[in-house]
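Single-structure report; data block below.
Source: prediction; values computed, not measured.
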Amino acid sequence: MITKEYIEVKIAHMLKDVLELEVTPELIEDNLRDGFNIDSVSALELLVRIEQDFHIQIPDEELSVNLLNSFTRLVDYVEYKYNQN
């Protein structure tokens, strides 16, 4: 079992890599869409990396803009999906 803190750090590092951010992952704001200009290609790359690294599947019907609106919401979703396995 992984902790929520681990998921937060891992996703923060993924965001930093995918978006080529200069900030430290600890400074990533909760509002992802407004805080960072995430385009559809970056969003897809991030979600694919999340699926691969956490060994989860994000069904098409669960993909939405809301999933990437909030860092907290994204972390909670990954934690939920991971614990279903």
Side-chain angles (χ1 to χ4, degrees):
M1 177 146 206
I2 60 175
T3 65
K4 186 171 194 164
E5 292 76 23
Y6 174 82
I7 295 171
E8 289 173 347
V9 169
K10 186 85 169 164
I11 293 176
H13 281 282
M14 287 179 196
L15 276 166
K16 185 176 187 280
D17 291 345
V18 168
L19 300 175
E20 299 175 356
L21 300 174
E22 296 297 324
V23 302
T24 60
E26 294 78 26
L27 297 177
I28 290 181
E29 299 175 16
D30 191 52
N31 190 334
L32 294 179
R33 280 195 325 152
D34 292 340
F36 306 102
N37 204 3
I38 299 178
D39 61 18
S40 58
V41 173
S42 297
L44 182 59
E45 184 180 346
L46 176 64
L47 293 174
V48 168
R49 285 190 62 185
I50 287 171
E51 285 183 325
Q52 291 172 343
D53 285 14
F54 290 101
H55 307 286
I56 63 172
Q57 291 242 310
I58 303 171
D60 289 345
E61 60 271 9
E62 293 179 14
L63 288 175
S64 74
V65 173
N66 292 332
L67 188 57
L68 293 174
N69 273 349
S70 160
F71 182 73
T72 303
R73 182 177 294 139
L74 181 59
V75 169
D76 289 344
Y77 177 82
V78 171
E79 181 182 35
Y80 169 75
K81 295 299 280 186
Y82 183 85
N83 288 326
Q84 279 188 326
N85 293 337

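Atoms CG and CD1, on L74 and I7 in that order, are 10.0 Å from each other to the nearest 0.5 Å. If you take NZ on K10 and CD on E5, they are separated by 15.5 Å, rounding to the nearest 0.5 Å. With values rounded to the nearest 0.5 angstrom, L63 atom CG is found 6.0 Å from L47 atom CG. Rounding to the nearest 0.5 Å gives a distance of 12.0 Å between NE2 of H13 and CG of L21. For the atom pair CG (L68) and OH (Y77), the distance works out to 11.0 Å, reported to the nearest 0.5 Å. Taken to the nearest 0.5 Å, the CG atom of L46 stands 7.0 Å off from the CG atom of L19.
Looking at every heavy atom in both residues, E62 comes nearest to L67 through O-CD2, 4.2 Å. The heavy-atom pair separating S42 from D39 by the smallest distance is N-OD1, 2.7 Å. For F54 against Y82, the heavy-atom pair with the smallest separation is O-CD1, 3.3 Å.
Residues K81 and P59 have side chains in contact (heavy-atom distance under 4.5 Å, counting atoms from C-beta outward). Side-chain contact between E8 and T72 is absent, with no heavy-atom pair separated by less than 4.5 Å. The shortest distance between side-chain heavy atoms of R73 and N66 falls below 4.5 Å.
Among residues two or more places apart in sequence or in another chain, the side chain to side chain contact (heavy atoms under 4.5 Å, CB included) test is passed with L44 by V48.
Q84 CD: more than 12 foreign heavy atoms inside a 6.0 Å radius.
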